[in-house]
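Step one of this worksheet: look at the structure below.
All values reported here derive from a predicted model rather than from experimental measurement. Scope of the values below: all heavy atoms of this structure, side chains included, with no hydrogens, waters or symmetry mates.
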Amino acid sequence: MTTTTTWTVANSRKLARQERRRRLGPMAVLSHAALLVWTVLVVVPILWTFLASVKSEDEIFGEAWGLPAKLNWDNFARAWEQAHIGQYMLNSVIVVTFSVAGTMLLGSMAAYVLARYPFRANRPIYFLFVSGLAFPVYLKLTPLFFVVQNMGAVPLVGPYIGLNTHAGLVLVYIAYSMPFTVFFLTAFFRTLPTAVGEAAMVDGASHTRVFFQIMLPMARPGIISITIFNVLGQWNQYQLPLVLLQDRDKWVLTQGIADISTSAGYDQDWSALFAALTLAILPMLVVYTVFQRQIQSGLTSGALK
């Protein structure tokens, strides 16, 4: 009886796979082939970087995919101490922490109002946010430089939010990330049921309390997803800090890594460079691995409701 049941289950799964392949047809083959190519293009450079980070320079240029004779952990020590990657990483953590927090607070509030409160300027304001996605960051660099420079002349707070300040870079990161955050969360808030919030308001809850205690927890999958995307984007940002931070002590991680590859011309420390790249990649790789399920849930829950 057990053998018959096992055979029946296996046969049912086989028939289901065949039916799925028949329905999908050539598109299934093409999609799997594209995913395979994309996986190779992403994974292979990362693995090579990790391997090169524990090699000597002779081994890097000698046999690219060969295993090192010994693990050169001093590459990380040179990157951390001599190239000041530790200080740059701390600066990146500070900037990204405050900028992501500000982006998610302001972005979620704006998205909630645009999704749930109809008013005359609702659509124009929404399209104004979304229009920010149409302009590449390269087109904004020159006017952005002068805007932040002029912010330094504001009384009292100017010295803290102008050029060569982490607070100024945080404000720019928030503005830079708001269009996609509002675009994503507005669509997500529209999928949430309204009955719970309306019941709370009937019981005397304010709009602020409904948002923070009811709607925001309900939007948790979408909040987590867009938070991770903002962390990844701001952590890897290079053009904006390059323009706004000239003081070496205030550089972020991407600037420090670029400095390793350019400061010594043809005599740069390649082993320390790959060690620094590994230190930059690992935190984001861990973050994405830990929150992978939440990201997938947030991206698909809006479509399933």
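Interatomic distance, OG1 of Thr186 versus CD1 of Ile125, reported as 11.0 Å (0.5 Å rounding). Note: Thr254 OG1 to Leu277 CG = 11.0 Å, rounded to the nearest 0.5 Å. Here the straight-line distance linking atom CD of Gln87 with atom CG of Leu253 works out to 11.5 Å at 0.5 Å rounding. Taking CD of Gln149 as the reference point, atom CG of Asn164 lies at 10.5 Å (rounded to 0.5 Å). Here CD1 of Ile94 is found 11.5 Å from NZ of Lys250. Values are rounded to the nearest 0.5 Å. Atoms CG and CG, on Leu242 and Leu141 in that order, are 8.5 Å from each other to the nearest 0.5 Å.
Remark: Trp38 CH2 is loosely packed, at most 12 non-hydrogen atoms of other residues, nucleotides or ligands lying under 6.0 Å away. Taking a 6.0 Å sphere around CZ of Phe145, one finds it holds more than 12 heavy atoms contributed by other residues, nucleotides or ligands. Taking a 6.0 Å sphere around CZ of Phe98, one finds it holds 12 or fewer heavy atoms contributed by other residues, nucleotides or ligands. When the shell of 6.0 Å around CZ of Phe76 is examined, it contains more than 12 heavy atoms from other residues, nucleotides or ligands. By the 6.0 Å contact criterion, CZ on Phe135 is open, its count of non-hydrogen atoms from other residues, nucleotides or ligands being 12 or less.
Across all non-hydrogen atoms, the minimal contact from Trp251 to Asn91 is O-ND2, 2.8 Å. Taking each heavy atom of Arg190 and Ala115 in turn, the nearest pair found is CG-CB, 3.7 Å. A pairwise comparison of heavy atoms in Pro68 and Leu51 identifies CD-CD1, 3.9 Å as the closest pair. Residues Leu114 and Asn122 approach most closely at O-ND2, 3.1 Å, considering heavy atoms. Minimum heavy-atom separation, Ile60 to Ala52: CD1-O, 3.6 Å. Closest approach of Thr278 and Ser53 over heavy atoms only: OG1-CB, 3.3 Å.
For the pair Arg209 and Phe211, the cation-pi criterion (under 6.0 Å, within 45° of the ring axis) is not fulfilled. With a 6.0 Å cutoff to the six-membered ring centre and a 45° limit on the axis angle, Arg220 does not count as a cation-pi contact of Phe188.
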Set out, in order, the CA-CA distance, both residues' side-chain angles and the distance that settles side chain to side chain contact (heavy atoms under 4.5 Å, CB included) for Asp249 and His84, then state yes or no. CA-CA 9 Å; Asp249 293 336; His84 308 291; over 6 Å; no
CA sep, side-chain torsions, deciding dist, call: Val182, Val130, side chain to side chain contact (heavy atoms under 4.5 Å, CB included): CA-CA 8 Å; Val182 172; Val130 175; over 6 Å; no
Between Trp270 and Ile260, is a side chain to side chain contact (heavy atoms under 4.5 Å, CB included) present by the stated rule, with each step listed? CA-CA 8 Å; Trp270 290 99; Ile260 297 176; over 6 Å; no
Working for side chain to side chain contact (heavy atoms under 4.5 Å, CB included), residues Phe146 and Leu163: CA-CA 9 Å; Phe146 289 107; Leu163 293 175; over 6 Å; no
Step by step, work out the side-chain hydrogen bond (donor to acceptor under 3.5 Å, both in side chains) result for Ser271 and Glu57. CA-CA 6 Å; Ser271 299; Glu57 290 193 14; 4.8 Å; no
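Between Lys55 and Leu67 there is no side-chain heavy-atom pair separated by less than 4.5 Å. In this structure the side chain of Leu216 reaches within 4.5 angstrom of the side chain of Ser108, judged on heavy atoms. Put simply, the side chain of Tyr160 does not reach to within 4.5 Å of the side chain of His166, judged on heavy atoms. With contacts defined as side-chain heavy-atom distances shorter than 4.5 Å, the pair Met104/Leu185 qualifies. At a threshold of 4.5 Å between non-hydrogen side-chain atoms, the residues Leu245 and Thr165 do not count as touching. Annotation: side chain of Met215 is in contact with side chain of Arg116 (closest heavy-atom distance under 4.5 Å). You'll find the side chain of Phe183 stays beyond 4.5 Å of the side chain of Met178, heavy atoms only.
Counting only residues at least two apart or in different chains, salt bridge (charged side-chain N to carboxylate O under 4.0 Å, His left out) contacts with residues 67-78 comprise Asp74-Arg78, Arg78-Asp269.
Put simply, the side chain of Trp235 gets close to the backbone of Ala280: a donor and an acceptor are under 3.5 Å apart. A donor-acceptor pair under 3.5 Å links the side-chain atoms of Gln255 to the main chain of Val252, judged by distance alone. Not a single donor-acceptor pair under 3.5 Å links the side chain of Gln82 to the backbone N or O of Ala79. A donor-acceptor contact shorter than 3.5 Å is absent between the side chain of Thr103 and the backbone of Ser177.
Residues Leu35 and Val40 are members of separate hydrophobic clusters, defined by side-chain heavy-atom contacts under 4.5 angstrom among Ile, Leu, Val, Met, Phe, Trp and Tyr. Val286 and Val231 fall within a single hydrophobic cluster, where Ile, Leu, Val, Met, Phe, Trp and Tyr are joined by side-chain heavy atoms under 4.5 Å apart, directly or via other members. Neither Phe50 nor Leu279 shares a network with the other; the hydrophobic side chains, linked directly or stepwise wherever heavy atoms of I, L, V, M, F, W or Y lie under 4.5 Å apart, form separate groups for each. Ile226 and Phe212 end up in the same hydrophobic cluster when Ile, Leu, Val, Met, Phe, Trp and Tyr side chains are linked at under 4.5 Å. No continuous path of hydrophobic side-chain contacts links Trp80 to Leu282 [ILVMFWY only; heavy atoms under 4.5 Å].
The aromatic rings of Trp48 and Phe274 sit perpendicular to each other, their planes meeting at more than 60°, with 30° as the lower class boundary.
For the side chain to side chain contact (heavy atoms under 4.5 Å, CB included) with Leu273, the lone residue among Asp259, Asn75, Ile257 that qualifies is Ile257.
For an aromatic pair to be called close, the ring centres must be under 6.0 Å apart, and Tyr117 with Tyr112 satisfies this.
Using a 3.5 Å distance cut-off with no hydrogens or angles, the side chains of Thr181 and Asn230 do pair a donor with an acceptor. With 3.5 Å as the limit, one finds a donor-acceptor pair spanning the side chains of Gln239 and Tyr138.
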